[in-house]
Amino acid sequence: AKMQKYLLYNAVEPEELPTLRELSTMEICKVWSGMSRHIYRQLLQKKAVEIGVGTFAVVTVYASVEEGKVLPVERPMFILSKPLKMFYNLESDETKIPDETPVVQPDFEEIAANTHFRHEIVEQCVQETLLCFAGALRDNKEVEFSFR
């Protein structure tokens, strides 16, 4: 049900983003870099992290090396959720998360402890940013999210 809120029929109104309006760009970046480190640690533990609009996971891709040889390479990927892809009519390759990979939710308490923000702030900041992301998808805008 958490993902439902990112299927937008209407544009995102500024009042739906109270936390983002209160935080500075610097603070929002701090929250997301805490989020990014948290996701990285989960991936190292062979877990996938579901964030509402999709899931970060390590998947095996096959890279061609010389003389037609193929090498399996483990690669972190962001896999957009299926309902979201269908709702916004997006195209992307079908990527399956390995069955043995446990899928977890982000631990906002832990991220908050590491970033010195209250955990409600971290959670709301992340959710409102994702709402903006969904709003951009809805309006067919180009979105660039960079994660280290």
Side-chain angles (χ1 to χ4, degrees), residues 1-8 12 16-66 69-148:
K2 237 172 69 184
M3 191 223 55
Q4 260 22 73
K5 68 164 161 250
Y6 301 119
L7 305 180
L8 305 174
V12 179
E16 291 179 77
L17 309 168
T19 310
L20 290 188
R21 286 163 69 193
E22 267 174 43
L23 297 173
S24 67
T25 304
M26 192 73 173
E27 289 171 319
I28 295 169
C29 290
K30 261 193 188 140
V31 168
W32 276 97
S33 84
M35 179 78 169
S36 166
R37 287 193 302 272
H38 175 73
I39 291 168
Y40 179 68
R41 286 196 299 273
Q42 304 307 306
L43 295 180
L44 286 179
Q45 294 171 30
K46 301 265 187 268
K47 291 177 190 161
V49 185
E50 194 272 318
I51 64 162
V53 293
T55 306
F56 289 93
V58 174
V59 292
T60 305
V61 291
Y62 294 91
S64 311
V65 287
E66 81 260 79
K69 283 201 191 87
V70 184
L71 262 186
V73 180
E74 292 209 318
R75 199 176 140 211
M77 278 180 90
F78 179 67
I79 301 150
L80 214 53
S81 86
K82 262 206 192 93
L84 210 81
K85 274 197 332 204
M86 284 160 69
F87 189 84
Y88 293 115
N89 205 3
L90 304 168
E91 303 245 327
S92 75
D93 298 337
E94 222 25 79
T95 309
K96 218 172 120 15
I97 296 168
D99 293 331
E100 67 276 9
T101 304
V103 179
V104 298
Q105 303 292 320
D107 182 340
F108 290 111
E109 301 242 344
E110 188 188 302
I111 299 165
N114 291 326
T115 51
H116 310 294
F117 286 100
R118 292 208 324 275
H119 102 264
E120 298 78 29
I121 299 281
V122 173
E123 191 162 354
Q124 283 155 4
C125 173
V126 167
Q127 288 176 1
E128 290 175 21
T129 308
L130 294 175
L131 206 55
C132 286
F133 175 69
L137 290 179
R138 178 191 171 274
D139 300 336
N140 239 330
K141 290 194 183 111
E142 220 167 279
V143 181
E144 193 179 312
F145 246 136
S146 57
F147 267 109
R148 278 212 300 284

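Between the CD atom in Gln124 and the CD atom in Glu22 there is a gap of 9.0 Å [rounded to 0.5 Å]. Once rounded to the nearest 0.5 Å, the distance linking CD of Glu74 with CG of Leu43 reads 10.5 Å. The CG atom of Leu7 sits 5.0 Å away from atom CZ of Phe87, with the distance rounded to the nearest 0.5 Å. Atom CD of Gln42 is separated from atom OG1 of Thr101 by 12.5 Å, given to the nearest 0.5 angstrom. Rounded to the nearest 0.5 Å, atoms OG1 (Thr95) and CG (Leu80) are 10.0 Å apart. Rounded to the nearest 0.5 angstrom, Glu27 CD and Leu20 CG are separated by 11.0 Å.
Under 4.0 Å is where a charged nitrogen must lie from a carboxylate oxygen, and between Arg21 and Glu16 no such pair does. One finds a salt bridge joining Arg41 and Glu110 here, because a Lys/Arg side-chain nitrogen approaches an Asp/Glu carboxylate oxygen to under 4.0 Å.
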**OP:** Please assess Thr115 against Arg37 for the test side chain to side chain contact (heavy atoms under 4.5 Å, CB included), listing each intermediate value before the final yes or no.
**Re:** CA-CA 10 Å; Thr115 51; Arg37 287 193 302 272; 4.2 Å; yes

**OP:** Just do the side chain to side chain contact (heavy atoms under 4.5 Å, CB included) check on Phe117 and Lys30 with the steps written out, would you?
**Re:** CA-CA 9 Å; Phe117 286 100; Lys30 261 193 188 140; 3.9 Å; yes

Subject >> Audit row: Val126, Phe108, side chain to side chain contact (heavy atoms under 4.5 Å, CB included) steps and yes/no >> reply: CA-CA 9 Å; Val126 167; Phe108 290 111; 4.0 Å; yes

Original post:
When you look at Val49 and Thr55, which way does the side chain to side chain contact (heavy atoms under 4.5 Å, CB included) test go after all the steps?
Top reply: CA-CA 5 Å; Val49 185; Thr55 306; 5.7 Å; no

**OP:** Using the salt bridge (Lys or Arg N to Asp or Glu O under 4.0 Å) rule, take Glu109 and Arg118 through it: C-alpha gap first, then chi angles, then the decisive distance, then the call.
**Re:** CA-CA 8 Å; Glu109 301 242 344; Arg118 292 208 324 275; over 6 Å; no

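In this structure, Thr129 contributes its side chain and Cys125 its backbone to a donor-acceptor pair below 3.5 Å. In this structure, Glu50 contributes its side chain and Gly52 its backbone to a donor-acceptor pair below 3.5 Å. No donor-acceptor distance shorter than 3.5 angstrom exists from the side chain of Glu123 to the backbone of Glu120, with no hydrogens or angles considered. Between the side chain of Tyr88 and the main chain of Leu8, a donor-acceptor pair closer than 3.5 Å is present.
With no hydrogens or angles considered, a side-chain donor-acceptor pair links Ser92 and Lys85 at under 3.5 Å. Side chains of Glu128 and Thr19: a donor-acceptor N/O pair is present below 3.5 angstrom, by distance only.
Here the side chains of Asn114 and His38 are not in contact, with every heavy-atom distance at 4.5 Å or above. Looking only at side-chain heavy atoms (C-beta outward), Leu23 and Ile121 come within less than 4.5 Å of each other. Contact annotation: the side chain of Leu131 approaches that of Tyr6 to within less than 4.5 Å [non-hydrogen atoms, C-beta and beyond]. Looking at heavy atoms from C-beta onward, Pro98 lies out of side-chain contact with Thr60 at the 4.5 angstrom threshold. Side-chain contact check for Met35 versus Pro106: some heavy-atom pair is nearer than 4.5 Å. Side-chain contact check for Ile97 versus Val58: every heavy-atom pair is 4.5 Å or farther apart.
Across every non-hydrogen atom of Leu84 and Val53, the tightest pair is CD2-O, 3.5 Å. Between Val73 and Ala63 the shortest heavy-atom distance is CG2-CB, 3.9 Å.
Enclosure of atom CG in Asp139 by more than 12 non-hydrogen atoms of other residues, nucleotides or ligands within 6.0 angstrom is indicated.
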